[in-house]
Amino acid sequence: MSDTHCDVAVLGGGPAGAGVALALRAQTRLSVTLVERTTHDAPRIGETLPPDARLPLARLGVWGGFLRDGHLPSRGTASCWGSATVGYHDTLMSPFGSAWHLDRSRFDASLCAQVAERGGSVRTGTTVEGCEALGPEGFRLRLSHPVEGPTTLWVRFVVDATGWKAAFATSQGARRQVVDRCFALYGDFRLRQGAAFSTQALVESRPEGWWYSALLPGGRVVVGLMGDGESLRGVRGQETWLSLLARTTATRERLEACDFSGEPPRAVPAAVACLDRVHAEHWLAVGDAACAFDSLSSQGISKALGSALLAAESLEQHLRGRADALGAYAARVRQGFVEHLRTRDHYYREERRWPDAPFWRNRRKALASGALAA
């Protein structure tokens with residue numbers, strides 16, 4: 001078993017983790033190791049990037065690379081929410097340009113590649129098997145790779161960017177405070193050659209929850225149904241999912257230009273939650289590990305990039321001896337989450353057509369609880 005050392009280990013190679021690593025390498029002389037359990041070859045959910053995401057991408061120095069990666073410009077969003085009429089939010093007049101629909105695996109892999117180009121160590125296909133706290137010296141992490149075998153990584157500081165599971169933070173005693181618990185069932189369609197399809201993402205509310213659909217690079221169309229354990233009870237297989245899809249209006253109409261892939265829908269957890277504490281003396285959580293927003297906001301990736309910049313700045317100040325740096329970071333994270341909950345409340349209250357349907361009744365109860373809103 002080989003031993004290596006670094007100043008900061010970033011656990012998770014999504015936008016939040018790669019963003020922290022990129023920012024630290026650009027702003028400091030800290031040695032950084034990014035550990036990602038996958039090899040970025042599996043399909044990933046999270047495809048929409050709003051126009052203002054250009055700002056954090058530019059601050060991270062990766063905007064030019066993003067433009068070269070061939071993602072699909074989008075004119076914005078459309079929605080049937082609170083009404084059967086389709087409403088549009090067009091990005092034509094946005095000062096930041098278009099929105100984007102991503103090849104998410106390519107996006108994440110590109111960010112990690114640029115971490116390596118800036119001198120960071122990137123370990124993909126690597127899992128954290130264990131951790132030992134070393135007091136003021138940080139942590140000793142036990143890593144495993146299917147080819148390279150086990151290694152030990154000694155680090156001064158750990159950044160948890162493992163997504164909504166917050167695997168490292170919860171292992172250190174942090175607890176997830178769940179405001180609302182949902183899940184999505186995602187399926188894939190393929191746009192027929194020569195057929196037209198809007199570049200706007202579409203959200204359509206229905207009694208069972210709400211549907212999302214978007215055209216991605218290469219003619220792939222992703223379609224998801226967001227619901228909860230009660231509203232989607234028994235909706236796991238392909239036939240029941242497709243039967244609910246057939247009852248939609250705007251979503252079904254746009255999919256007439258597509259063919260279903262035939263693959264069963266994939267279930268993806270979608271909790272709205274935050275940690276009761278997002279840092280300690282030698283670790284902090286970032287992105288969805290710190291707080292997970294409602295998927296309806298389509299802010300997951302842009303929020304992850306913004307929080308990565310904030311986390312990197314706070315960590316650099318902390319390691320230089322600023323005593324309140326991590327506390328200030330935690331306060332900013334908490335404030336952003338509470339503001340998100342207020343905005344979320346507003347949008348869910350706008351849909352009143354099915355007050356007795358389980359999904360909407362359960363959302364109303366979640367809003368009425370006022371959890372974490374103070």
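Please read these numbers as outputs of a predicted model, since none were measured by experiment. Any value given below was found using the heavy atoms of this structure, including those in side chains, with hydrogens, waters and symmetry copies removed.
A salt bridge is absent between Asp259 and Arg190; no separation between the charged side-chain nitrogens and carboxylate oxygens falls under 4.0 Å. With salt bridges taken as basic N to acidic carboxylate O contacts below 4.0 Å, none links Glu148 and Arg123.
Every residue was checked against the salt bridge (Lys or Arg N to Asp or Glu O under 4.0 Å) condition with Arg37, not counting sequence neighbours, and none meets it. In this structure Asp180 satisfies the side-chain hydrogen bond (donor to acceptor under 3.5 Å, both in side chains) test together with Arg344, Arg363, sequence neighbours excluded. Residues that satisfy the ring pair (Phe, Tyr, Trp, His ring centres under 6.0 Å) test with His145, not counting sequence neighbours, are absent from this structure.
A distance below 6.0 Å separates the ring centres of Tyr348 and Trp81. Annotation: Trp354 is not in aromatic contact with Trp210 [ring centroid separation under 6.0 Å not met]. Annotation: Phe139 is not in aromatic contact with Trp283 [ring centroid separation under 6.0 Å not met].
Here Thr127 contributes atom OG1 and Arg142 contributes atom CZ; the two are 10.0 Å apart, rounded to the nearest 0.5 Å. Of the inter-residue distances, the one linking Arg254 atom CZ with Gln200 atom CD reads 8.0 Å to the nearest 0.5 angstrom. Taken from CG in Leu57 to CG in Asp52, the straight-line distance is 10.0 Å, to the nearest 0.5 Å. The CG atom of Asp294 sits 11.0 Å away from the OG1 atom of Thr343 when rounded to the nearest 0.5 Å. A distance of 5.5 Å separates CG of Leu255 from CG of Leu245, quoted to the nearest 0.5 Å. In this structure, the separation between CG on Leu326 and NE2 on His318 is 4.5 Å, given to the nearest 0.5 Å.
Other residues, nucleotides and ligands contribute over 12 non-hydrogen atoms within 6.0 Å of the CD atom of Glu253. Heavy atoms of other residues, nucleotides or ligands lying less than 6.0 angstrom from OH of Tyr347 number 12 at most. Within a 6.0 Å radius of CZ in Arg176, more than 12 heavy atoms belonging to other residues, nucleotides or ligands are found.
When all heavy atoms are compared, the tightest approach of Val272 to Phe293 is CG2-C, 4.4 Å. Of all non-hydrogen atoms in Phe168 and Thr162, the two that sit nearest each other are N-OG1, 4.3 Å. The minimum heavy-atom distance between Ser302 and Ala53, with the atom names listed, is CB-CB, 4.0 Å. Scanning both residues, Tyr212 and Ala214, for their nearest heavy atoms gives OH-CB, 3.4 Å. Across all their heavy atoms, Ala201 and Ser74 have their closest contact at N-OG, 4.4 Å. Between Pro73 and Thr199, the shortest heavy-atom contact is O-CB, 3.7 Å.
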